[in-house]
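Sharing a structure with you now.
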Amino acid sequence: MTDNLDNTQTPNVPADPGKIQDHFELFHNDEYQELFDYKRQFEGAYSKEKIEEVAEWTKTWEYREKNFAREALTINPAKACQPLGALFVAAGFEDTLPYSHGSQGCVAYFRTHLTRNYKEPFQAVSSSMTEDAAVFGGLSNLKQGLENSFTLYKPKMIALCTTCMAEVIGDDLGAFITTSKQEGHIPEDLPVPYAHTPSFVGSHITGYDNMLKGILTTLTKGKKAETTNGKFNFNLGFDPYIGNTRELKRILDLFGVDYTILSDNSDAFDSPNTGDFKMYNGLTKLEDAADSINAEGSYFFQKYTTPKCQELTAKEWGQQTYTFRPFGIRGTDEFLMNLSAVTGKPIPKELQEERGRAVDAMTDSQAWIHGKKVALYGDPDHVITVVNFLLELGAEPTHIVVTNSNDKFEAELREILTASPYGQGATVWGGKDLWHLRSLMFTEPVDLLIGNSYGKYLWRDTGTPLVRIGYPIFDRHHMHRYATLGYNGAINQLNWIVNTILEQLDLNTIVPSKTDISFDLIR
Amino acid sequence: MATVEDRKELIQEVLEAYPAKAKKMRAKHLDVTEAEATDCGVKSNKKSVPGVMTTRGCSYAGAKGVVWGPVKDMIHLSHGPVGCGYYSWSGRRNYYVGTTGVDSFGTMQFTSDFQERDIVFGGDKKLAKIIDELGELFPLSQGTTIESECPVGLIGDDIEAVARQKAKETGLPVIPVRCEGFRGVSQSLGHHIANDTVRDWVLPKADEYRKLPEGFEPGPYDVNIIGDYNIGGDAWPSRLLLEAIGLRVISQFSGDGTFNEVVMAPLAKVNLIHCYRSMNYICRFMEEKYGIGWLEYNFFGPTQIAKSLRKIAAQFDETIQAKAEEVIAKGQARMDQIVAKYRPRLEGKQVMMMVGGLRPRHVVPAFHDLGMEVIATGYEFGHGDDYKRTTDYVKEGTLIYDDVSGYEFEEFAKQLKPDLIAAGIKEKYVFQKMALPFRQMHSWDYSGPYHGYDGFEVFARDMDLAINNPTWGLINTPWEE
């Protein structure tokens, strides 16, 4: 098809107008396939042979070495930036408006990202700073921004974080807020906690820590009492599963423990549809957060997401802090036993039964998982919980990639792996990205990949089945509603892992009279 | 039937919630279309009000996410900290044909991941090194664009110098795009900046860069598709139609586009532009520099497709015009069946829209084709000329809102109670919680294509499935009242 004048193709009249072809089918039709071929001549494209040759080369050890020799370039990193975590944690507080001080594009991205994961509205504002603010500073924008957002959206608290722009030009948030209050743009008594959250420091988990610390510091100021309030604080860190917060609350209610969840965003990211849009759905009451300084102690479920907050509670508040990861069997055991010891309350019988059911399920499935090599990636604490669970199942973590890593985390992870017979073949890749992981998976293939939706490109390229656990999950629905925490969470994760393996077996044994010899009904 | 006065009252009512200064600013951006109007009466392309929930993005989003991003065989480096590249990673469904990571890079995220030391010492050396590393790892890449993020401009890096040096060394284009997010008032400036980089960094060397197809001779029917980003594959049914009427599309700029197609563009006879807002700049330049005429078209819905095909064919000879009539006749027969099926389900339904680019006006007739009515529309980042063009599409009494804030949009919707809202992902779930049917009109709600005859079928189906979704009937709890 070179002479376009002879190209008289027009779309066919469908016999049945009810059969609509959208992009999933439409472009597979001959007319589009021919169109693609015809277009190719103008593309200046390399030959199909050349592309195939280079594609094969990217799978080699030689390519892997070049790839790992990179010093400056990052490709497909498994990390986001600070304000995402800051807005995420702010959304868990009652009537709180997340506010990002800087240029407005950032907030559009954060809102979009969170919305795509949760399929829920996410409301946040910005100072909409432009060139003039770059020259003169962002004070005028902030004053107006605070006044407008307070008047319009009537929040009880505005949680303010910065963007790169505000940080580079050196805006002094503390002073700006004071000025805004003195000039009457917002009431003196409106809590406006703030956090410095440039994208060029840390990642979304750093922003989570900074904003939570800002909120707790602001709300608890002057609230230290003589005696404790008898409650315990719980924080889940940057945990995308709203099912986890709900599962934790269920467990604590079964125990009869009095608690405060520090940032309960389970409704913020999963509110009921009643026909009324409610702007604020953060469940942690400001007075409870203010009183969190008087708790008996504070539990943290992520170590590397909340170092500053843990230091705040331990050193400045003088509280006992506990770090547990109640995921998988042993992680949950340790947490429950500690909670029982600390509170003096027995572990509820119901939880013990749940434990038995989870162990039973794991035993039933274990044969399919034993010895399976797994590649995984994600945030530090997330990765440790998944590794622990895999080791309990006899799977072998093999390539572990953490872009937002640090030395302490890597040491802890190595210790965990060394202690298990199933962890001996594992390699830990701190500071690396998903393009590194691609090379690892081609040169040293694994049976399974665990990570967020971005892993689907690795699944396509390497053919390794993907279990979606983490954030973000854009291409599957409702994953965030489930718990991964506790014994019930172990069953959920087990379900996703074992059934992905079985699905892959079916796909591998599906061709009639060729591979379908073991296309079994019973597995 | 609401009058212009009713609607004006509604605007006043909604504005009451603002503090005085913000109210004054916002009042200029809201209006109602009056009879015989030549524009929509709103101010546009002004700064958003701080602290008000705007849906707008930034220059970087316009340059990287819209204009350059879909050029599939180049590497688009998000230069600066990790965030901007991360959030724009694979976010826009600019479909393409290619082997990702080998000769195509559209769904990958390349970032210089600035750390504090890069802010302090500058990122130019790192940038130079990155371009070397890209060359090592992606030998089939056709060049690099450098999209600078906020800090790059603020710390005063000279990315142009690095680009010049590296282009010389590699023999491939290296294009610095100064699209820091704080520039301008929305993503719109990013489109302009990206167009300017094509003008300044690419077209002057087009003859040198261009690889002509074997035996290629420029012909009288050569055209470019400009400003179709191939969301859900939109540009392909459009191309199919243009080829069917006898034209030769030599460049898709930039949906499913390649660098070679960008440098093929000056060889065409006519630029056919779909998204005026994002690409009129380069069309104007090509007209001035190469004498290439340009023509806007609208491939949403059979009425506009027919109109546009005739308008395009009129630029050419009778052979093309005759073929266009054939294509329209064939297409219309099929569209009549689609309309016959869906119109009874959608007749009289009222729509509120708020999108970017061309859609706040171009989609209006597609709704009309289905018997639906657009009662309110507006742009995220439109300019005066967009609103002028919009008057051709809307009728008296249509509510117009520019850079509508979340608050205003929600209040208008509560009062007007439309049957469908068509806007973006950030708005979608807000309105669905109000039990209002919604379609995302930036990304076609992960569906598509919506362009061309093939696209209209999908459009009609999607409007039906949104409005006639049975779950809307489940929202009220039966034992409450």
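Reminder, nothing fancy here: chain letters follow the sequence lines and each chain counts from 1.
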Problem - Interface moiety of Asp256(B) toward chain A, non-hydrogen atoms closer than 4.5 Å - result: both

Handout entry: Heavy-atom proximity to chain A below 4.5 Å, by part of Glu149(B)
Key = neither

Exercise for the section: Using a cut-off of under 4.5 Å on heavy-atom pairs, state which of Leu84(A), Leu146(A), Asp461(A), Val201(A) scores highest against chain B. Expected result: Leu84(A)

Problem - Side-chain donor-acceptor contact under 3.5 Å, Ser88(B) with Tyr60(B) - result: yes

Exercise for the section: Counting only heavy atoms closer than 4.5 Å, note whether Pro272(A) contacts chain B via side chain, backbone, both or neither. Expected result: backbone

Exercise for the section: Would you mind checking which part of Ser271(A) comes under 4.5 Å of any heavy atom in chain B, side chain (CB onward), backbone (N, CA, C, O), both or neither? Expected result: both

Exercise for the section: Heavy atoms only, distances under 4.5 angstrom: which of Lys414(B), Lys129(B), Arg117(B), Lys211(B) has the most pairs with chain A? Name it, please. Expected result: Lys129(B)

Problem - chain A contact via Met264(B) - which portion, at a heavy-atom distance below 4.5 Å - result: side chain

Handout entry: Reported NE2-to-OG distance for the pair His204(A) and Ser199(A), which is rounded to 0.5 angstrom
Key = 12.0 Å

Handout entry: Engaged part of Cys150(B) at the chain A interface, taking heavy atoms whose separation is under 4.5 Å
Key = side chain

Practice task
Decide, yes or no, whether a salt bridge links Glu180(B) with Arg183(B) under the criterion of side-chain N to carboxylate O below 4.0 Å.
Solution key: yes

Completion exercise
Among Gly153(B), Gly101(B), Ser251(B), the residue with the most heavy-atom pairs under 4.5 Å to chain A is Gly101(B)

Practice task
Decide, yes or no, whether a salt bridge links Lys79(A) with Asp113(B) under the criterion of side-chain N to carboxylate O below 4.0 Å.
Solution key: yes

Practice task
Assess whether atom NZ of Lys126(B) is packed by more than 12 heavy atoms of other residues, nucleotides or ligands within 6.0 Å.
Solution key: yes

Problem - Sidechain N-carboxylate O distance under 4.0 Å for Glu120(A), Lys433(B) - result: yes

Practice task
Please name all residues satisfying salt bridge (charged side-chain N to carboxylate O under 4.0 Å, His left out) with Glu261(B), sequence neighbours left out, ordered by chain then number.
Solution key: Lys39(A)

Problem - Portion of Lys72(B) that has a non-hydrogen atom of chain A nearer than 4.5 angstrom - result: side chain

Practice task
Name the option with the most non-hydrogen atom pairs under 4.5 Å to chain B; the candidates are Arg116(A), Lys119(A), Glu52(A), Lys50(A).
Solution key: Lys119(A)

Practice task
Sort Arg26(B) into side chain, backbone, both or neither according to what part of it lies under 4.5 angstrom from a heavy atom of chain A.
Solution key: neither

Problem - Between Asp22(A) and Ser447(B), a side-chain donor and acceptor under 3.5 Å - result: no

Handout entry: chain A contact via Phe431(B) - side chain, backbone, both or neither, heavy atoms under 4.5 Å
Key = neither

Problem - Distance-only donor-acceptor check, side chains Asn29(A) and Gln21(A), under 3.5 Å - result: yes

Exercise for the section: Sort out for me which of Cys84(B), Gly184(B), Ala22(B), Ala61(B) touches chain A most, counting heavy-atom pairs under 4.5 Å. Expected result: Gly184(B)

Problem - Pairs of heavy atoms under 4.5 Å with chain A: top-ranked of Lys428(B), Glu136(B), Arg239(B), Arg56(B) - result: Arg239(B)

Completion exercise
Counting heavy-atom pairs under 4.5 angstrom with chain B, the leader among Leu152(A), Val125(A), Asn141(A) is Leu152(A)

Handout entry: Closest non-hydrogen atom pair between Thr197(A) and Ala86(A), with its separation
Key = CG2-CB, 4.1 Å

Exercise for the section: Would you mind checking which part of Tyr153(A) comes under 4.5 Å of any heavy atom in chain B, side chain (CB onward), backbone (N, CA, C, O), both or neither? Expected result: side chain

Practice task
Go through the atoms of Leu140(B) and report whether side chain, backbone, both or neither lie under 4.5 Å from a heavy atom of chain A.
Solution key: both

Handout entry: Segment of Thr107(B) engaging chain A (4.5 angstrom heavy-atom cut-off)
Key = both

Problem - Contact winner vs chain B - Met129(A), Glu71(A), Lys66(A), Glu147(A), heavy-atom pairs under 4.5 Å - result: Glu71(A)

Practice task
Taking atom types as modelled, find out whether Ser90(B) and Tyr454(A) have a side-chain donor-acceptor pair closer than 3.5 angstrom.
Solution key: no

Problem - Between Thr74(A) and Asp433(A), a side-chain donor and acceptor under 3.5 Å - result: no

Exercise for the section: Go through the atoms of Thr54(B) and report whether side chain, backbone, both or neither lie under 4.5 Å from a heavy atom of chain A. Expected result: both

Fill in the blank from the handout: Bottom line for Gln123(A): the part with an atom under 4.5 Å from chain B's heavy atoms is both

Problem - Least distance between heavy atoms, Leu137(B) atom then Tyr63(A) atom - result: O-OH, 3.0 Å

Problem - Which atoms of Phe216(B) approach chain A - backbone, side chain, both or neither, heavy atom under 4.5 Å - result: side chain

Handout entry: Exercise: identify the closest heavy-atom pair between Tyr99(A) and Ser127(A)
Key = OH-OG, 2.8 Å

Handout entry: Contacting region of Gln142(B) [heavy-atom separation from chain A under 4.5 Å]
Key = side chain

Exercise for the section: Would you please say whether a donor-acceptor pair under 3.5 Å links the side chains of Arg111(A) and Tyr109(A)? Expected result: no

Exercise for the section: State plainly whether the residues Arg334(B) and Asp454(B) are in salt-bridge range, i.e. N to O under 4.0 Å. Expected result: yes

Exercise for the section: With a 4.5 angstrom heavy-atom cut-off, could you sort out which part of Leu77(B) is near chain A: side chain, backbone, both or neither? Expected result: side chain

Exercise for the section: With a 4.5 Å cut-off on heavy-atom pairs, point out which of Phe259(B), Tyr446(B), Phe138(B), Trp472(B) contacts chain A the most. Expected result: Phe138(B)

Exercise for the section: Among the options Phe474(A), Trp57(A), Trp435(A), pick out the one with the most heavy-atom pairs lying under 4.5 Å from chain B. Expected result: Trp435(A)

Problem - Other residues, nucleotides, ligands: >12 heavy atoms within 6.0 Å of Glu25(A) CD - result: yes

Exercise for the section: Check ring-ring contact (aromatic ring centres under 6.0 Å, His included) between Phe27(A) and all other residues, then give those that pass, not counting sequence neighbours. Expected result: Tyr32(A), Trp236(B)

Exercise for the section: Would you mind checking which part of Ser103(A) comes under 4.5 Å of any heavy atom in chain B, side chain (CB onward), backbone (N, CA, C, O), both or neither? Expected result: side chain

Exercise for the section: Tell me, for Val97(B) versus chain A, whether the close heavy atoms (under 4.5 Å) come from the side chain, the backbone, both or neither. Expected result: side chain

Handout entry: Salt bridge flag under 4.0 Å for residues Lys341(B) and Glu457(B)
Key = no

Practice task
Using non-hydrogen atoms and a 4.5 Å limit, figure out which bit of Ala124(A) sits close to chain B: side chain, backbone, both or neither.
Solution key: backbone

Handout entry: Ser126(A) portion near chain B, given a 4.5 angstrom heavy-atom threshold
Key = backbone

Exercise for the section: Identify which of Ile475(B), Asp103(B), Val430(B), Val458(B) forms the greatest number of heavy-atom pairs closer than 4.5 Å to chain A. Expected result: Val430(B)

Problem - Largest heavy-atom contact set with chain B, pairs under 4.5 Å, which of Asn76(A), Ile75(A), Thr274(A), Asp132(A) - result: Asn76(A)

